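Written out below as structure tokens is the structure these notes cover.
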Amino acid sequence: MQALRMLLRTWRGGQLNLIIWSLVLAVAVVTSVSLLAERIERALTAQSSSFLAADLVIRSSKPIDPQWIAGALEQQVESAQVLTFASMVYHQDDMHLASIKAVEASYPLRGLLRRTTTPFTTDPSLIEEIDYGPAQGEVWVDARLLPLLNIELGDEIELGEIRLKATQIVVEEPDSGGSFGAFGARVLMNYGDIEAAGIIIPGSRVTYRYLMAEGASGTDGFANYSDWVEEQLDIHDRLITPDEAQASIADTMDKGRRFLLLAGSIGVVLAGIALALASHHFAAGQTRQVALLKSWGIAASRVRSLYLQQSLWLGVGGSAIGLLVGFAFSEILIAVVREWLPISLPMAGIRPWITGLATGLLCLAGFTLPAIWHLPAQSPLAVLRDDVQVEPVSSVARGLLGIAAVAALLFWYSNNLYLSLAILAGFGLTALATVVLGLLMLRLGKNTGQKLGSIWRLASSNLWRRKSQSIIQMVGFSGAIALLMIMSVVRTSLIDEWRWQLADDAPNHFLLNVAPYELEGVRDLVTDQNLETAGWYSMVRGRLTQINGEGISDEQRDKHESFRRELNLSWTTELPEGNKLTAGKWWDELDLSGDIAPVSLEDELAGELGLKIGDELTFSVGGLVFQARVASTRSLNWDNMTPNFYFLFPEGLLENYPRTNMTSLYIPPQQKLLVNDLLRQYPTVQVIELDKIIDRIRSIVSQVTSGLEVMTLLILSCGVLVMFAAVSLSMSERLQESAILRTLGSSRRLILGIQWVEFSVLGLMAGLLAAIGAEAAVAMLQRFMFDLPFSWHPWLWLVGPVAGGLLVGVLGVGYSRKAVTQPPLQVLNSL
Amino acid sequence: MIEVSNISKQVTTTEGTLTILDGINLSLAAGESLAIVGPSGSGKSTLLGILAGLDLPSSGSVSLNGQDITAMDEEGRAAVRAKTVGFVFQSFHLLPGLTALENVALPLELQGDKEALKTAAYYLQRVGLDHRTTHYPRQLSGGEQQRVAVARAFACRPVILFADEPTGNLDTGTGEKINDLLFDLNKEEGTTLVLVTHEHNLAERCGQRLVIAAGQQVADVTDVTDVTRGSVA
Ligand SMILES: Nc1ncnc2c1ncn2[C@@H]1O[C@H](COP(=O)(O)OP(=O)(O)OP(=O)(O)O)[C@@H](O)[C@H]1O
Ligand SMILES: [Mg+2]
């Protein structure tokens with residue numbers, strides 16, 4: 001109780017403000033970021049689930065194990081089976097190789113189906129959103145099937161042994177996701193009709209999908225069940241998670257999440273530094289009180305317990321406020337990003353709160369305790385003699401303790417080794433550079449200062465006289481500046497990277513399967529609308545039949561789709577824009593006149609298929625066979641929405657095979673009717689509409705970006721706090737000196753001039769040193785965390801010193817203005 | 001009450017060993033008052049610190065209230081200080097964040113006194129500051145601050161009060177009032193008083209005087225003023 005009373009009095013006296021603020025900020029930053037991250041995580045899962053039509057999907061080349069379905073029933077997990085395959089559908093004399101999807105009644109488990117009874121409509125009021133598929137005996141079809149089969153809604157089509165009535169047009173399936181695989185028009189049917197149709201016979205190429213979603217048994221029940229199912233998967237089965245379902249959003253979100261993590265970690269470190277400085281300052285102010293207590297006969301053990309208790313109260317109190325502030329802050333952040341988050345965001349669990357509290361206590365243990373540890377050893381003799389001071393815990397030991405605390409926090413908080421290392425390295429390098437080069441710079445400054453005017457001379461010798469304090473302050477400044485630099489560099493490069501997604505005219509439609517004789521007409525249609533394509537690409541559809549002279553085994557066929565179905569083969573002279581060679585050589589370095597043609601593969605696919613440079617592949621195109629040798633692998637850029645090919649050949653090889661054409665283009669919303677005209681005139685052309693998905697990505701990206709901005713602001717305020725803490729470190733001494741100078745009749749110009757020079761020189765040096773650490777940390781982060789290319793940031797070396805000098809100078813002068821606005825005696829009395 | 005036998009104090013500095021005190025003997029009965037006088041740098045504060053158990057002599061022994069504090073460990077001396085000793089310092093040593101009342105109450109609170117604030121208020125009234133209880137040290141004049149310090153020292157009801165130049169930072173008039181206060185309270189509370197001073201008048205008011213010069217006890221000096229001027233040294 002006594003400890004609490006002492007603490008409250010100290011707080012009232014204003015000596016605790018910095019410590020409390022640092023603590024509150026540390027806890028608030030961590031709490032708000034973890035709360036936000038967890039809630040966004042949950043919202044995101046909901047979003048991505050709708051792209052899967054489920055929470056989790058197993059794709060398989062063999063029928064779903066009935067045990068799984070029984071298990072799902074038993075464990076109250078929702079499930080649905082979906083079959084997809086290609087099959088001929090007939091109406092009188094017309095026929096079409098449709099892409100059939102048979103779904104159970106519970107499909108879709110997540111997200112909604114959109115259907116209409118008006119073919120080719122774009123009027124949203126005519127489109128219905130529902131969460132179930134067609135009943136038995138019915139099919140819902142792609143609008144283009146109507147002209148292809150010459151039918152109208154209500155007509156029956158033949159599929160295998162049965163006739164099914166086309167009752168609705170499917171406009172959108174939640175899990176269609178812009179697939180390039182299927183060329184036929186969609187026919188959605190009920191799973192119950194499959195058997196009667198008699199079209200699935202052993203050996204048919206069918207893809208089985210097993211959709212699962214959390215049901216009455218809740219999250220844990222679902223996790224148990226999915227773990228159980230996962231254990232039973234074999235090579236025929238592939239698990240698809242929501243993240244994979246929508247790669248481009250997942251990527252944006254993932255980077256956004258990492259940035260939040262980075263920003264949060266930087267916030268923690270900054271608040272830690274502020275806390276360390278504030279504690280140092282606090283401890284210095286407490287030595288006299290401790291001497292007094294001890295002269296009254298308070299034993300050292302009692303003093304220790306008093307201060308430990310005070311720290312504990314401080315930790316608990318500061319953390320509690322921090323948790324509240326953090327909560328408020330996360331609410332503000334959520335309000336900012338509200339648009340794309342479901343209205344009822346699930347409340348976060350207990351973990352963020354624990355993280356916040358642990359941050360507070362750990363920060364206190366790592367920064368405050370070491371700073372006050374020596375206090376009980378203070379000799380009571382100090383009440384009689386000023387020079388009796390006990391040595392504080394050495395700054396090296398304190399530094400190490402602080403680093404240990406920060407490292408523990410960083411790692412526990414981010415759970416990411418690279419991130420923790422990069423931040424530690426960035427900060428460590430900066431601190432080291434500051435200690436080593438800082439002294440040198442101060443020395444240099446002193447020598448040069450002697451040759452300049454009186455302000456410079458006084459200021460530079462002051463800095464040198466207080467060199468240990470100057471170095472501590474510089475570590476604070478440069479650390480803060482370096483961390484802020486790291487954050488802004490990463491932020492800038494992320495936003496740059498996302499800019500394409502925010503570009504207004506990125507292609508949002510793909511046109512595929514355009515036959516050579518249709519090309520002219522389709523082109524004209526597009527040009528009539530004054531639209532531009534991303535260029536036309538020709539492709540040939542062929543199968544991979546042999547690898548190094550050996551046929552594809554059943555096992556391989558089961559393992560990967562690409563061994564089963566036709567591949568899109570294309571040709572080019574130049575390496576397409578956005579593609580990067582990852583191994584081997586491009587055409588220009590090869591002898592193209594050799595007896596066997598080279599082929600370039602997408603590198604991930606090559607890995608999945610187990611193909612290496614030098615492998616000989618045999619392709620079959622419409623029965624005609626040719627060979628090629630793997631000459632290179634490439635990485636593709638999926639972000640720019642232009643056509644990409646897994647298999648590329650040089651020119652002069654495929655031109656004579658039957659080919660189709662494809663392109664991508666931007667169709668503005670008001671010209672969307674073009675799609676209908678096109679499909680009506682050319683029903684075999686496949687149009688992949690990505691406009692809705694792109695809109696969704698864009699809104700997510702822009703919200704994520706504004707979320708990052710808010711976060712950046714929060715972290716900036718942490719940085720300013722650190723600077724403030726560092727400035728106040730020397731303030732009472734400076735004010736005293738200024739007041740004495742003032743008593744001696746010095747002008748306002750001289751006094752403020754000295755402060756201005758001292759602080760801005762400190763800030764300038766700190767900014768320069770910070771650039772070193774920031775550049776190193778950014779290089780690490782770009783390489784390991786954000787997959788961004790390494791680049792130098794010359795502006796860091798310029799902005800760092802200038803901004804550092806200005807900011808620190810302004811803070812310092814602002815702080816010491818009191819020395820010239822108040823009478824010197826008042827200043828001295830208030831110290 | 002205080003028995004000092006043959007204490008000396010040496011410190012090692014960069015310039016070698018420095019003898020600050022040498023061969024000091026002294027005996028003071030309960031309720032008595034002692035003035036330690038001598039020129040600046042003669043070792044008065046050092047002696048006071050040793051007498052109060054804040055520091056250890058290099059040799060010799062000190063006993064307070066019948067207990068040899070030089071034979072105790074730091075913990076033991078702290079316990080003796082807590083029970084027997086009170087201080088008034090030249091530079092007041094009030095805590096700036098605490099009001100006058102809280103400053104006086106703090107040592108009592110630390111001793112677990114439930115009546116701390118009441119006792120503190122009583123002693124503030126005794127030093128004539130009952131109207132300034134909620135003021136902070138910076139709002140008080142030097143003399144007022146020292147009166148708060150005196151109240152704080154007496155509030156713990158010490159057996160011995162040590163004062164190191166209690167009026168050294170104050171003008172003569174104000175110093176005079178503080179001195180009156182010290183001696184009045186000394187009489188009323190029956191406290192033993194040890195004070196270091198430069199002042200002739202103050203030394204004269206004490207029952208016993210110890211004059212030191214350059215760390216040595218100076219025997220027959222009657223005119224304290226000479227000593228403080230340094231003529232003996
Ligand atoms: N720990 C120490 N290290 C070095 N010198 C010391 C130490 N303690 C005391 N001294 C020296 O011993 C001498 C006596 O100091 P002390 O403070 O006792 O003097 P004083 O009589 O109280 O003087 P004043 O009247 O100025 O307060 C001084 O010269 C002082 O510098
Ligand atoms: Mg002295």
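These numbers come from a predicted model, not from an experiment. Letters go in sequence order (proteins before strands), and every chain restarts at 1.
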Can you establish whether the number of heavy atoms outside [X] located under 6.0 Å from its atom [atom1] is more than 12?
X	atom1	result
R304(A)	CZ	yes
K446(A)	NZ	yes
F282(A)	CZ	yes
W464(A)	CH2	yes

Problem - Selection from T99(B), V85(B), D55(B) maximising heavy-atom pairs under 4.5 Å formed with chain A - result: D55(B)

Problem - Heavy-atom contact with chain B under 4.5 Å, split by part of Q289(A) - result: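 Both parts, backbone and side chain.
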
Handout entry: Contacting region of S295(A) [heavy-atom separation from chain B under 4.5 Å]
Key =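 For S295(A), the contact with chain B is made by backbone and side chain together.
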
Do you know which two heavy atoms are closest between [X] and [Y], and how far apart they sit?
X	Y	value
A299(A)	A78(B)	CA-CB, 4.2 Å
L110(B)	Q2(A)	CD2-CG, 3.7 Å
P380(A)	R81(B)	CG-NH2, 3.8 Å

If you measure from [atom1] on [X] to [atom2] on [Y], what distance do you get to the nearest 0.5 Å?
X	Y	atom1	atom2	answer
R288(A)	L94(B)	CZ	CG	9.5 Å
M6(A)	L95(B)	CE	CG	8.0 Å
Q111(B)	I298(A)	CD	CD1	6.5 Å

Can you tell me if [X] uses its side chain to pair, donor with acceptor, with the backbone of [Y] under 3.5 Å?
X	Y	answer
H93(B)	L292(A)	no
R5(A)	E109(B)	no
R9(A)	G97(B)	no

Fill in the blank from the handout: Turns out that what part of Y136(B) lies under 4.5 Å from chain A's heavy atoms comes down to side chain

Problem - Check against side chain to side chain contact (heavy atoms under 4.5 Å, CB included), F87(B) and V383(A) - result: CA-CA 9 Å; F87(B) 291 98; V383(A) 293; 5.6 Å; no

